[in-house]
Engineer: 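Input: one structure, supplied below.
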Amino acid sequence: MNEQEFIRRKFKEYYAKHRIASVPSIESREFGIGDWGKKIVKRHMSFSSTAELNRFLKSEAPLYISYSAAYYKDPSARPMEKKSFLGADLIYEFDADELELDCREKHDFWYCKNCKSYGKGTAKKCASCGSDTEQYQFICENCLAETKKQLNRLIKVLDEELGILEDISINFSGNAGYHLHIRSERIRTLSENARAELIDYLTLAGFDFELAIDFSQAVPIFEKSKQVKAPLSRILKTLKEFLLRANPDQIALYGGIKLSKAREVYENKKKIIAKIDEGRLPPIASSRATSLKFWRNLLEYAKQKESIKIDRQTSIDKYKIIRVPNSLHGSTGLIAKIVSLQALADFRPLEHALAFGDRQIKVFINKAPRFRLGNQSFGPYENEEAVLPEYAAIYLIGKGLASLCE
Ligand SMILES: [Zn+2]
Ligand SMILES: [Zn+2]
């Protein structure tokens, strides 16, 4: 049996035992499926009921299945205009890919087909011959903790600042992140412009200090009333935390001032923070220009830290399709598992989203870094045979890094 048949059989077994009932208004959604090496090979499919979707999953067991954020009168019609758009959920995606995490240098690697060399990290060009590389992404607990942090920040802002945290569904992406679906009636009709404004608000891309703070005053001031539940209050909170924790070197670096000046700021940080709480950015030097430069630098630093790292394009695109919650992810064999808001804090995808068991399977592994899955660590491996639990074997086969040993 080859690897593709093996995975297909395992996916069929999974769908025979697990009913997927995670898509509300299923008859109004467009579906798409993917296969080896391609997450979408076919779109414009539709299912009249959950039962019909499950019959399809059991018989075809696609490696990937996605559904539309949008609701259509006729979801399988082509081209897109003929579907008759009725509205769309708001979906936010978080992926460790976007976070530029240091751990990726440890567990991700590239392979050059041309000269057959490998390298650590995410380089797009081969270090030896300059050809385009193939990328192999792994995930670790740090990747998932960091994406969860972003998700939690989003949830807080949607709830406390925007008041649109209703009819939500959260799921692990099946690979390196999370998806948040908002399905309330009142967000369905938002235009692409409104969706873009929302993402600008969340990422703070649209936030202008010059409008929020009056820099023309001798001591820049901001209105205290505006602080409440506004992006500025988040930014100022981060700025104050920075002042509390930073050492003089960091203050000099991020504030763009001399170390001697930074030491003074460090000594007086309590007083400075008290002024900020009064709605002022106090002078930190006799030169007004130096003070303003310092505050603008720190505000910009805090803004970058407070920006929620969300994939911009997918959250604006009303016609996109996204993984069906609770379906399997073909590159990992993990479940794109739904997790409740209450359970999110204790949810550990590498343990809780396993679809397959621990029957031992012998595989030949081309290459894999040390990785964790299902409460165990594996590897590193290079051109060697290993006996792995089925879930770990499927994980590597899905990435194209292992083959079955007969
Ligand atoms: Zn090369
Ligand atoms: Zn990582």
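Atoms within a ligand are numbered from 1 in the order they appear, just like the ligands themselves. Residue indices begin at 1 and follow the sequence shown. Because the structure is predicted, anything quoted here is derived from the model rather than measured.
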Engineer: Kindly report the SG-the Zn ion (ligand 1)-SG angle for Cys112 and Cys129 respectively, rounded to 10°.
Structural biologist: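 Computed angle, vertex at the Zn ion (ligand 1), rounded to 10 degrees: 100°.
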Engineer: Would you mind checking if Lys309 and Glu100 are paired as a salt bridge, meaning a charged N to carboxylate O distance below 4.0 Å?
Structural biologist: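 Salt bridge: no.
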Engineer: With a 6.0 Å cut-off (strictly less than), is the heavy-atom count around CG of Asp102, excluding the residue itself, greater than 12?
Structural biologist: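 Counting other residues, nucleotides and ligands, CG of Asp102 stays at 12 neighbours or fewer.
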Engineer: Which N/O/S atom belongs to His107 and is the closest one to the Zn ion (ligand 2)?
Structural biologist: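 Of all N, O or S atoms in His107, the Zn ion (ligand 2) lies closest to NE2.
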Engineer: Would you give the angle at the Zn ion (ligand 2) between Cys140 atom SG and Cys103 atom SG, to the nearest 10°?
Structural biologist: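 Seen from the Zn ion (ligand 2), SG and SG are separated by roughly 110°.
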Engineer: Within 45 degrees of the axis of the six-membered ring of Phe294 and under 6.0 Å from its centre: does Lys261 put its NZ or CZ there?
Structural biologist: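 No, Lys261 does not sit over the ring of Phe294.
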Engineer: Does Asp277 pair with Lys240 as a salt bridge, N-O distance under 4.0 Å?
Structural biologist: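 Salt bridge flag = yes for Lys240 with Asp277.
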